[in-house]
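Below, read A as the first sequence line, B as the second, and so on, with proteins coming before strands; counting in each chain starts at 1.
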Amino acid sequence: MARKLPMHRAISEAIAQEMERDPSVFVMGEDVGKYGGIFGATTGLLDKFGPERIKDTPISESAFFGGALGAASKGMRPIAELMFVDFFGVAMDQIYNHIAKVHYMSNGNVKLPLVITTAIGGGYNDAAQHSQTLYSIFAHVPGLKVVIPSNAYDAKGLMISAIRDDNPVMYFFHKGLLGIGWMPSPEEAATEVPEEPYSIPIGQAKVIREGKDITVVSVAKTLYEAKKAAEELENEGIDVEIIDLRSLVPLDKKTVVESVKKTGRLLVVDEDYLSYGMSGEIIASVSEEIGDQLKALPRRIAFPDVPIPYSRVLEQFTLPSADKIISTCKQMIK
Amino acid sequence: MSETGENLLLELYRTMYKIRTYEETLAKIYYEGKSPLFDISAGPIPGELHLSTGQESSAAGVCAHLKPEDGVVGTHRAHNFAIAKGVDLKKMTAEIFGKATGLSAGKGGHMHLFDPNVSFSCSGIVGASFPQGVGIGIAAKMQGKDYVSVAVGGEGAANQGTFHESLNLASLWKLPVIFVIEDNSWGISVPKDASTSVSKISERAKAYGIPGVSIDGKDVMAVYEVAKEAIDRARRGEGPTLIEVKVYRLRGHFEGDPQLYRPKEDLEEAKKNDPVLFAENQLLSKGIVSQEQLEGIKKDITDEINEAIDFARNSPYPEKEEALQNVFAGGE
């Protein structure tokens, strides 16, 4: 029987079930043991599996991401947690020069079945070094799969897929969706989650609200802003279709293009930085295929190209919001 | 020297002579089609070429103890370890030539050699090998197997954060990792005394609570002995060791490097400490082999190398479209 779980519990349940199924799966990272992961993604795993398989590491990201690579090359399936995505700099060489490229450089002779989990997102006044989203940086590098669940059901299914995938998968969770004590989360992010293991294919977007006037594409937390906006806009006779990308790599262009063919309008909402990122990629991909069929110029709402400010007033002003989505949709439709 | 010792020295010499002759052959071929100017992408061997000439003993002495399942993670200057670890010479050569028959069908090249059959890999990034060696140690321990890993870096790499993180982690978790620092005194143009805070990198082992040994790589037998102790220790589950081998860079950082930064005396010193000649003289002076036997050994090795070179030269280049394959396992 399905029960409602917050997203962080869905993730830790997925990891536990895969660890039970496959002895080569293990977890490494800072505070993944007793603490259960700063964002709760490894809650309860230490008690179940012990310190040999749930390894608290020193604050040494280069060592344990390189370590994940080495272990994966010998048949293990590590899950390594980069606490905040903002910290990627200290380990980036191992991620983008090695983890992403070894399969290609070895012409497929070396497989690296590993998962990198990391927390993204702002909205809680943690300022410029703890609030970034940054998934586009990783999506830009060939060889990394990139998944971003927006709710507990997807979080479990995508985690199981990520662990079983023979490729390095970057698994991003938004802090504001996890349902952890110190961070409010939209109620809908906690969903019914089947007890048995199930997988969701990586690279399949999902239409989470059907509509005929405009397509709003997003991932993670801004989807909930889009949903709020859609409810408001419905009152004004504007029918919004919302797509949850769920994966940036591979990117499900087909679902997006089909939707925009139907609605004729595209708005991308992205909590990552505006320039050179996901929003530009989606608009370019759609424009290349059906740009001549659009009823309005495609638009985007993203984090402006500034570091994340600290003050609540400043941060709320810069984040994508339902209000911004509402006014942009109205402009595009009038 | 005992009978076994004699056979051993001869075996180590064979490995070193193979590395030396292989690289000297590559060096000649490298300049084909590049004259009169040094054109990095012209000729049968494109790109940069970093040779390990003078560094044969570290690889031969360490790898003599290794089984195929033991991991070696090498550097950008890794032909010595690749050959000593038993990487397929023909496929390796074809890879360096960028051919379809290469280890990675031409996608890796000389700084990115991968041979999972003998658990060998290397990287073009300084200091990247250490954590990956740690990971192989993690796998060995978790799988309950007695294989070990060897993570190789230069004296320059020992100043990277990865080195310190990896020593700490390997010591903390008692992993079967042997960190081998090949100290050839030069980080491209910067001498060790201008880059490194201690004269002996092995002293840093103390800070991580593991054994650290410095050894002169002129004598391959000495490297062999030190490596034996470290590897046995690792296999017994007693954790990592840091071995610093003083090696001698007989060529530039890369082929074509005019080495204007390098004092003449440094190269002369290096030549005096040539480990291949040292072993050769020992073999002859102790009467382990005759001059005639030695010539026979050299000829066999040279033939094997020439065969690998011919294989590489005669192999086809990959199909262009191959460039788009193998980004991900299982297609795309």
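With a 6.0 Å radius and a threshold of 12 heavy atoms from other residues, nucleotides or ligands, Y276(A) has its OH atom at or below the threshold. Around the NZ atom of K34(A), the shell of radius 6.0 Å holds no more than 12 heavy atoms that belong to other residues, nucleotides or ligands. No more than 12 heavy atoms of other residues, nucleotides or ligands lie within 6.0 Å of CD in Q129(A), so this atom counts as exposed by the packing criterion. Atom NZ of K253(A) sits in a sparse spot, with 12 or fewer heavy atoms from other residues, nucleotides or ligands closer than 6.0 Å.
Inspection of non-hydrogen atoms places D93(A), Q94(A), N97(A) of residues 83-97 of chain A under 4.5 Å from chain B.
Neither the backbone nor the side chain of L113(B) comes within contact range of chain A, judged by heavy atoms closer than 4.5 Å. Using a 4.5 Å cut-off between heavy atoms, L144(A) touches chain B through its backbone atoms (N, CA, C, O) alone. Only the side chain of I138(B) comes within less than 4.5 Å of a heavy atom in chain A; its backbone stays farther off. Proximity to chain A involves both the backbone and the side chain of E69(B), based on heavy atoms less than 4.5 angstrom apart. Interface remark: V249(A) contributes side-chain atoms only to the contact with chain B (heavy atom separation under 4.5 Å). Only the side chain of Y147(B) comes within less than 4.5 Å of a heavy atom in chain A; its backbone stays farther off. Looking at T57(A), the atoms closer than 4.5 Å to chain B (heavy atoms on both sides) sit in the backbone and in the side chain alike.
Your options are K111(A), R53(A), M28(A), K55(A), and the one with the most heavy-atom pairs under 4.5 Å with chain B is K55(A). Interface remark: of the candidates I59(A), D166(A), N109(A), N109(A) forms the most heavy-atom pairs closer than 4.5 Å to chain B. Heavy-atom pairs under 4.5 Å with chain B peak, among A68(A), G70(A), P142(A), at G70(A).
Shortest non-hydrogen contact noted between A139(B) and M76(A) is CB-CG, 3.6 Å. In terms of heavy atoms, G108(A) sits closest to N326(B) at CA-ND2, 3.6 Å. S106(A) and S104(B) get closest at one heavy-atom pair: CA-OG, 3.2 Å.
A heavy-atom distance below 4.5 Å is found between the side chains of F114(B) and M105(A). With a 4.5 Å cut-off on side-chain heavy atoms, L169(B) and S60(A) do not count as touching.
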Please tabulate, for the side chains in residues 118-126 of chain B, all donor-acceptor contacts under 3.5 angstrom to protein atoms that are two or more places apart in sequence or on a different chain.
residue : atom : partner : partner atom : Å
S119(B) : OG   : K74(A)  : NZ           : 3.0
S123(B) : OG   : H98(A)  : NE2          : 2.5
S123(B) : OG   : I125(B) : N            : 3.0

Enumerate, atom names and distances included, each donor-acceptor pair closer than 3.5 Å involving a side-chain atom of residues 134-141 of chain A, sequence neighbours excluded.
residue : atom : partner : partner atom : Å
Y135(A) : OH   : D270(A) : OD1          : 2.6
S136(A) : OG   : D272(A) : OD2          : 3.3
S136(A) : OG   : M278(A) : N            : 2.9

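Legend: side chain to side chain donor-acceptor pair (under 3.5 Å) pairs involving residues 163-174 of chain B, not counting sequence neighbours, sorted by first then second residue: H164(B)-Y208(B).
Proximity of a side-chain donor or acceptor of N167(A) to a complementary backbone N or O of A329(B) within less than 3.5 Å is detected. Between the side chain of Y104(A) and the backbone N or O of L324(B), no donor-acceptor pair lies under 3.5 Å.
Atom CG of N107(A) and atom CD of Q325(B) lie 9.0 Å apart (nearest 0.5 Å).
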May I have the step-by-step check of side-chain contact (heavy atoms from CB on, under 4.5 Å) for F328(B) and H103(A), ending in yes or no?
CA-CA 7 Å; F328(B) 289 111; H103(A) 185 74; 5.6 Å; no
